[in-house]
Amino acid sequence: MVQDGRVGAGRYADEVSETLSAAQARRVALAAQGFTRRRPTVEVSARHVHGAMERLGVLQIDSVNVFARSHYLPLFSRLGAYDPALLDRVFLSRTTHYVEYLAHEATFVPIEDWSLWRFRMDDFRRRWESDPESWLSQNTRTVAWVKDELRARGTLRPAQLRADAPRERGTWWDWDEVKLALEYLWRIGDVAISGRRGFERHYALEEQVIPTEVRERIVPRDDAVRELVRRAARSSGVATEADLADYYRIRDRQAVRRAINDLVDSEELQPVQVRGWERGGRPVPTWLHRDAVLPRRVDAAAILTPFDPVVWFRERALRAFDLDYRIEIYVPAHKRRYGYYSLPVLVAIGSSPE
């Protein structure tokens, strides 16, 4: 059962059955994302940032700088005005708190989660090392040289590697080759990103960035997927299988289903129906996290980035919020509805009709 408050926690009024209205589902989703929390009345601090990240799980990075770089906006949406230098100190400088990886797209994640992503790193490695035609297989000399340089010199920017690369004929030491080597090595986990200078990444070997106890932790694939699905459910509040899979871009849907079944068995997820969440005239299977909150009302107004978890999965945005949204930077000018780089705006005032 869901109540106006946490599932099964304390005494609350207006108990809701296992069927939610679309309006209730919206309120649950917004609460899970932190939009029912009061914004700080004091200067936003690192403590507030860490609290927001605990609810979000990840913070997506994007280089487009039309309004503001995307990773600055979700904190503004939830915490209100803050000094962007705070985000730079917490995320972009070398830190023990966060590191970058492909947890959705390129995102900041807690550094202690590095081993949770080993299954994804291993998938990339198997795919590329087993294919003699892959870039990684065809450029072993470049890859070996880049790793040797990082081992000998520590953290480096791509420009530093480019400046010191041997001058040989041909395209082996082309700028793109060095940068590609770093990106491939990052994806397979041999290299980690140790902060940024401006927006330029600093690269180092994994062991130069990730603590030993984190690096050596073994997380079996099914355990990692189950933990990620659990976190996706907590951050979503109420979600379909597609929602849960997309939050951390887990392509193995059978693994997602196994994780959902395990979490239902452990009573962390509860099957529910949401009126209006249908496909082909039938309800879409949906689950509610046991810590989900159904607030009586939501009072929030915020600018969102296109890469905010509330809207980044366009199918969910349409289903849950009736928001048919595209990033029109990628749409031919004559087909744009709202503009080159329009931002979604969340306006939730009071309680929605049930």
Side-chain angles (χ1 to χ4, degrees), residues 32-34 44-61 71 74-75 78-79 86-125 150 154-155 182-183 185-196 201-236 244-250 252 255-256 259 262-263 266 268 289-291 307 309 312:
Q33 283 288 308
V44 174
S45 67
R47 178 178 61 85
H48 297 113
V49 171
H50 298 320
M53 275 296 290
E54 175 66 20
R55 291 182 289 277
L56 291 171
V58 293
L59 186 63
Q60 185 168 334
I61 306 162
H71 43 285
L75 298 180
R78 291 155 177 80
L79 302 176
L86 172 64
L87 183 144
D88 296 344
R89 289 195 300 272
V90 172
F91 292 101
L92 301 185
S93 60
R94 185 159 187 170
T95 172
T96 57
H97 291 293
Y98 302 102
V99 70
E100 297 181 31
Y101 195 63
L102 292 167
H104 182 76
E105 296 295 335
T107 54
F108 295 112
V109 297
I111 198 167
E112 62 266 22
D113 288 349
W114 182 260
S115 54
L116 198 60
W117 298 104
R118 188 68 67 187
F119 79 97
R120 182 161 292 173
M121 299 170 188
D122 291 345
D123 285 348
F124 282 130
R125 187 186 300 274
L150 293 174
T155 301
L182 290 168
E183 289 296 306
L185 288 167
W186 174 58
R187 281 164 170 76
I188 66 176
D190 286 1
V191 158
I193 295 167
S194 177
R196 290 177 181 248
R201 287 168 166 171
H202 293 205
Y203 293 85
L205 293 180
E206 177 193 35
E207 58 265 28
Q208 295 167 334
V209 178
I210 309 300
T212 301
E213 64 273 14
V214 174
R215 201 171 63 249
E216 295 181 350
R217 187 180 303 143
I218 304 300
V219 184
R221 175 185 296 267
D222 280 352
D223 291 351
V225 172
R226 183 170 55 254
E227 175 61 18
L228 293 172
V229 170
R230 184 187 71 81
R231 294 186 187 189
R234 185 185 61 192
S235 295
S236 301
L244 297 173
D246 182 81
Y247 205 91
Y248 291 107
R249 292 288 168 86
I250 302 172
D252 185 348
V256 172
D262 287 348
L263 293 167
S266 66
E268 188 153 1
H289 192 267
R290 70 182 174 199
D291 292 337
F307 309 107
W312 65 13

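Remember, it's a predicted structure, so these values are computed and weren't measured experimentally. Atom set for the values below is all heavy atoms of this structure, side chains included, hydrogens, waters and symmetry mates excluded.
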Assess whether side-chain contact (heavy atoms from CB on, under 4.5 Å) is satisfied between Y203 and T155, documenting all intermediate values.
CA-CA 5 Å; Y203 293 85; T155 301; over 6 Å; no

If the plane angle is over 60° it's perpendicular, under 30° parallel, otherwise tilted; pick one for H71 and F108.
perpendicular

Side-chain donor/acceptor of S235 to backbone N/O of A232, under 3.5 Å
no

Check whether H202 reaches the backbone of L92 with its side chain - one donor and one acceptor, N or O, closer than 3.5 Å.
no

Show the atom names and distances, to 0.1 Å, of all donor-acceptor pairs under 3.5 Å that link a side chain in residues 52-61 to residues at least two apart or in another chain.
| residue | atom | partner | partner atom | Å |
| --- | --- | --- | --- | --- |
| R55 | NH1 | G51 | O | 3.3 |

Check the pair V109, V99 against side-chain contact (heavy atoms from CB on, under 4.5 Å), reporting the backbone distance first and the verdict last.
CA-CA 6 Å; V109 297; V99 70; 3.9 Å; yes

Rounding to 0.5 Å, atoms CD1 (I210) and CG (L205) come to a distance of 11.5 Å

Between W114 and Y98, is the ring pair (Phe, Tyr, Trp, His ring centres under 6.0 Å) condition met? List the steps.
CA-CA 9 Å; W114 182 260; Y98 302 102; over 10 Å; no

Could you give the distance from OG (S115) to CZ (R215), rounded to the nearest 0.5 Å?
11.0 Å

Pairs where residues 101-125 contributes a residue and the test salt bridge (Lys or Arg N to Asp or Glu O under 4.0 Å) is met, not counting sequence neighbours:
E105-R249, D113-R231, R118-E206, D123-R126, D123-R221, R125-E129, R125-D190

Cationic tip of R201 above W186 ring, under 6.0 Å, 45° of axis:
yes

Heavy atoms only: give me the nearest V191-L182 pair and the separation to one decimal.
CG1-O, 4.4 Å

In the structure I gave you, are the side-chain heavy atoms of I111 and V214 within less than 4.5 Å of one another anywhere?
no

Contact summary for V49 and V90, nearest pair of heavy atoms:
CG1-CG1, 4.1 Å

Kindly say whether Q208 contributes a backbone atom to a donor-acceptor pair with the side chain of S194 at under 3.5 angstrom?
no

Would you say V225 and D252 make side-chain contact, with heavy atoms under 4.5 Å?
no

H48: what forms a side chain to side chain donor-acceptor pair (under 3.5 Å) with it, not counting sequence neighbours?
S45

S93 meets the side chain to side chain contact (heavy atoms under 4.5 Å, CB included) criterion, sequence neighbours left out, with none

Closest approach of R187 and Y101, non-hydrogen atoms and distance?
O-OH, 2.6 Å

Any non-hydrogen side-chain atom of Q33 less than 4.5 Å from a side-chain atom of P309?
yes

Which is it for V219 and F119 under the side-chain contact (heavy atoms from CB on, under 4.5 Å) test, yes or no, and what are the steps along the way?
CA-CA 8 Å; V219 184; F119 79 97; over 6 Å; no

Checking R196 now: which residues fulfil salt bridge (charged side-chain N to carboxylate O under 4.0 Å, His left out) with it, not counting sequence neighbours?
E100

Using 0.5 Å steps for rounding, measure from the CG atom of L150 to the CG atom of L185.
8.0 Å

What residues, two or more places apart in sequence or in another chain, satisfy salt bridge (charged side-chain N to carboxylate O under 4.0 Å, His left out) together with R230?
E227, E268

Nearest heavy-atom neighbours spanning Y247 and W312
O-CZ2, 3.6 Å

Do the non-hydrogen side-chain atoms of F124 and L102 ever get within less than 4.5 Å of each other?
yes

